[in-house]
S.K.: 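Handing you this structure, nothing more for now.
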Amino acid sequence: LWLAVWGDFETGRMAKKIEASLGGWRRSGVRIPPPPPVDYEFKKTVNYIEKTDASQSNIIIGHIGGLLNNPDHPAIAIMNQILSWDRLFKIIRTNEGLAYDAHAEYNAGFRVPGLFRAVIQTKSGSTSRGIQLILQEIQRITRDPVSDEEIQRAKDLYMNSHVFQFDSRAKIINRMLILAFSGYPLDFSEQLFKKIESVTKADILNAAQKYLKPGLAQILVVGKKDDFDRPLSELGPVSVLDISIPMPKAESHPEATRESLDKGREIFSRAVAAMGDPEKIRGIKNAFTRATLVQGGAAMEAEMTLVYPDKFRISINTPGGKIDMIVNGRKGIIKTPQGAMPLPETEKQSLVDEILRDPIYIWQNFEKYEVQSLGSRKAGDKETIDLLVSGPVDPFHVYLDPRSLLIVGAAYQSVTPQGPEMVEIAMSDYREVEGILTAFRSESSANQKTVAEQTVRGIAFNTEVSDDLFKIE
């Protein structure tokens with residue numbers, strides 16, 4: 001146990017308090033073994049992750065890094081500053097205009113080696129060019145001495161940026177704890193700063209030649225290969241990595257029979273009639289909703305516009321600014337204060353599935369769906385009628401109140417931030433809107449924990465909607 005205390009107190013009295021609280025503890029005799037040695041093999045690899053909705057590529061090139069107690073670490077640190085800012089950032093971003101950010105990180109650990117990596121994000125059509133420039137600059141710094149101006153700039157940047165690691169007593173003491181725990185002298189930082197000042201051009205060239213291996217670097221590209229300027233195979237054999245999240249095995253349920261399907265369709269038809277005039281519901285062309293969303297404890301105002309059959313826009317006022325997510329047919333886009341980008345495939349599909357699970361859409365396209373009656377089922381604390389609905393979307397449950405036949409819940413498999421889970425929706429507070437009963441309150445839960453809440457402030461059907469709302473440029 002390592003303990004540090006700082007603040008406004010008398011040292012002697014604080015020591016006695018700690019002794020009184022922890023003095024009875026006894027050593028367990030357990031010896032924690034040191035970390036095993038890292039057996040790293042330098043080898044060139046080319047790795048690719050497919051992201052079909054990406055308009056830009058994320059590129060990482062690197063290999064193992066080093067340790068902070070390496071005598072060459074001061075030279076490595078300054079070498080990295082020059083490679084990152086005077087070379088990659090200046091050439092790839094400023095001169096070539098290929099990326100908003102381009103930088104290198106030679107990370108060193110206290111007890112286990114860190115990682116060296118060079119990183120850029122560039123448009124798909126300049127993927128190969130970006131990789132070429134990164135490797136070119138790593139090779140250049142291992143071949144040619146840096147300039148006097150570069151080395152002085154790097155030292156100034158390093159020293160100035162590290163000042164903020166020591167601008168409070170808490171940071172200083174935490175740093176000392178880490179140093180002591182890791183077996184480093186408490187004045188390690190002061191020693192490092194002195195050594196940084198004495199680094200020479202020859203030291204940097206030696207460190208680059210010794211610790212950078214551009215010919216044995218591992219390359220990772222996440223993007224859409226069909227839009228690349230040149231195939232990745234020109235760099236060597238390509239390993240395609242699958243990072244898709246497998247959905248759990250579908251739940252088992254009674255086999256559908258003609259009787260259970262006919263009964264399911266009959267009950268769903270009655271549920272639609274409980275909402276309002278079925279023909280009026282069939283004639284709904286769009287719905288506009290204002291609501292308060294609560295996620296992660298934060299309440300946000302939102303507006304949602306749904307145009308049947310395949311256009312949806314949600315605008316959310318988040319603490320970080322307004323976010324718009326738009327689906328128009330098979331395309332999707334997200335707009336944030338930082339700019340616009342294609343909507344990730346999982347999020348786009350999630351919004352599309354919401355439309356396909358909408359009871360109004362189902363009723364308007366009833367011939368495309370099967371509805372199976374599964375009898376009664378307890379949803380939350382309520383006894384309900386359980387319908388299993390399938391068709392253009394994966395099978396999902398609809399729960400009806402046995403008396404009113406209004407929809408009081410739903411359940412379906414989805415991919416959440418925690419992974420694939422069964423999401424359950426509870427619906428309540430039905431109010432009449434233009435002759436149609438609509439739920440004004442819903443609560444989503446996964447793994448028995450509430451993940452989102454929605455309170456409707458207003459709904460309108462068949463309003464005038466501009467096509468500009470769904471424009472995807």
Side-chain angles (χ1 to χ4, degrees), residues 243-253 271 289-304 306 312 314-325 327 332 334 336 343-359 361-362 374-390 393-402 404 406-431 438-457 459:
I243 61 169
S244 59
I245 302 174
M247 294 295 287
K249 186 178 179 181
E251 64 171 332
S252 59
H253 45 75
T289 305
R290 287 184 294 104
T292 300
L293 306 180
V294 178
Q295 288 182 310
M300 300 168 288
E301 297 305 311
E303 292 184 350
M304 291 158 276
L306 170 57
F312 184 67
I314 178 169
S315 301
I316 307 174
N317 291 315
T318 75
K322 184 181 178 184
I323 292 178
D324 295 308
M325 289 184 284
V327 170
I334 180 169
T336 72
L343 194 63
E345 188 65 30
T346 53
E347 293 186 35
K348 184 184 73 175
Q349 191 59 50
S350 177
L351 294 177
V352 170
D353 288 348
E354 280 191 39
I355 300 174
L356 298 176
R357 286 191 292 264
D358 185 312
Y361 178 88
I362 295 173
L374 297 182
S376 62
R377 177 170 180 165
K378 198 159 188 176
D381 59 353
K382 297 179 180 179
E383 286 294 335
T384 68
I385 297 171
D386 183 9
L387 301 179
L388 184 68
V389 182
S390 58
V393 66
D394 289 339
F396 67 99
H397 293 268
V398 173
Y399 304 128
L400 307 179
D401 179 81
S404 68
L406 291 174
I407 298 173
V408 293
Y412 53 86
Q413 285 282 358
S414 183
V415 178
T416 73
Q418 286 71 43
E421 290 186 298
M422 178 66 79
V423 175
E424 297 183 341
I425 313 291
M427 289 171 272
S428 60
D429 189 17
Y430 271 85
R431 304 181 193 179
T438 306
F440 268 59
R441 169 83 180 165
S442 65
E443 183 177 302
S444 304
S445 61
N447 198 23
Q448 299 182 331
K449 293 181 180 179
T450 300
V451 294
E453 300 172 64
Q454 176 176 296
T455 302
V456 174
R457 303 301 179 195
I459 299 178

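Treat the numbers as computed from the prediction; the structure is a model and nothing was measured. Only this structure's heavy atoms are used, side chains among them; waters, hydrogens and symmetry mates stay out. In this chain, residues are counted from 1 in sequence order.
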S.K.: Got Ser376 and Ile385 here, is their nearest side-chain heavy-atom distance under 4.5 Å?
M.R.: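 In short, these two side chains do not touch, never coming nearer than 4.5 Å.
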S.K.: With a 3.5 Å distance limit and no angle check, can you tell me whether Thr384 reaches the backbone of Asp386 through a side-chain donor-acceptor pair?
M.R.: no
S.K.: Hey, are the side chains of Ser315 and Lys322 touching, using non-hydrogen atoms and a 4.5 Å cut-off?
M.R.: yes
S.K.: What is the distance from atom CZ of Arg431 to atom OG1 of Thr438, rounded to the nearest 0.5 Å?
M.R.: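 Rounded to the nearest 0.5 Å, the CZ-OG1 separation comes to 10.5 Å.
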S.K.: Examine the side chains of Arg457 and Thr292 and answer whether a donor and an acceptor come within less than 3.5 Å of each other.
M.R.: yes
S.K.: Return the CD to CD1 distance between Glu301 and Ile316, rounded to the nearest 0.5 Å.
M.R.: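 Answer rounded to 0.5 Å: 11.0 Å.
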S.K.: Could you check if a side-chain atom of Arg377 sits within less than 4.5 angstrom of a side-chain atom of Lys382, using non-hydrogen atoms only?
M.R.: no
S.K.: Determine whether Val408 and Leu400 make a side-chain contact, defined as any pair of heavy atoms from C-beta on separated by less than 4.5 Å.
M.R.: no
S.K.: Quick one: CD on Gln454 to CZ on Phe440, what's the gap to the nearest 0.5 Å?
M.R.: 10.5 Å
S.K.: Is the terminal nitrogen or CZ of Arg357 (NZ for Lys, CZ for Arg) located under 6.0 angstrom from the six-membered ring centre of Tyr412 and within 45° of that ring's axis?
M.R.: yes
S.K.: Determine all donor-acceptor pairs shorter than 3.5 Å in which one atom belongs to a side chain in residues 442-450; sequence neighbours excluded.
M.R.:
unit_1, atom_1, unit_2, atom_2, d
Glu443, OE2, Thr450, OG1, 3.1

S.K.: Could you tell me which non-hydrogen atom of Glu424 sits nearest to which non-hydrogen atom of Ala411, and how far apart they are?
M.R.: CG-CB, 4.1 Å
S.K.: Going by atom types alone, do Thr455 and Arg441 pair a side-chain donor with an acceptor below 3.5 Å?
M.R.: yes
S.K.: State, to 0.1 Å, how close Tyr399 and Ala410 come at their nearest heavy-atom pair, and which atoms those are.
M.R.: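 Looks like CD1-N, 3.8 Å.
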S.K.: Just how far is it from atom CG of Asp401 to atom OG of Ser428, taken to the nearest 0.5 Å?
M.R.: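 Output value for this atom pair is 11.5 Å.
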S.K.: Rounded at 0.5 Å granularity, tell me how far CD1 in Ile334 sits from CD1 in Ile323.
M.R.: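 Nearest 0.5 Å value for the CD1-CD1 distance: 5.5 Å.
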S.K.: Is the shortest side-chain heavy-atom distance between Leu293 and Ile314 below 4.5 Å?
M.R.: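 Contact flag for Leu293/Ile314 side chains = yes.
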S.K.: Given side chains that start at C-beta, do those of Ile425 and Met427 come closer than 4.5 Å, heavy atoms only?
M.R.: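 Yes, their side chains come closer than 4.5 Å.
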S.K.: In Å, rounded to the nearest 0.5 Å, how long is the span from CD of Glu383 to NZ of Lys378?
M.R.: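 Taking CD in Glu383 and NZ in Lys378, the distance rounds to 5.5 Å.
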S.K.: Can you list the residues that meet the side chain to side chain contact (heavy atoms under 4.5 Å, CB included) rule with Asp358, with sequence neighbours excluded?
M.R.: Leu306, Tyr308, Ile360, Tyr361
S.K.: Measuring only between side-chain heavy atoms, which start at C-beta, is Met300 closer than 4.5 Å to Val294?
M.R.: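 Result no, sub-4.5 Å side-chain heavy-atom pair not found.
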S.K.: Determine the minimum heavy-atom distance between Val456 and Ala291, stating which atoms define it.
M.R.: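 Shortest heavy-atom separation between Val456 and Ala291 comes out as CA-CB, 4.0 Å.
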S.K.: Donor-acceptor pairs under 3.5 Å, side chain of residues 343-353 to any protein atom, not counting sequence neighbours: which ones?
M.R.:
unit_1, atom_1, unit_2, atom_2, d
Glu345, OE1, Lys348, NZ, 3.4
Lys348, NZ, Arg330, O, 2.8
Gln349, NE2, Asp353, OD1, 2.9

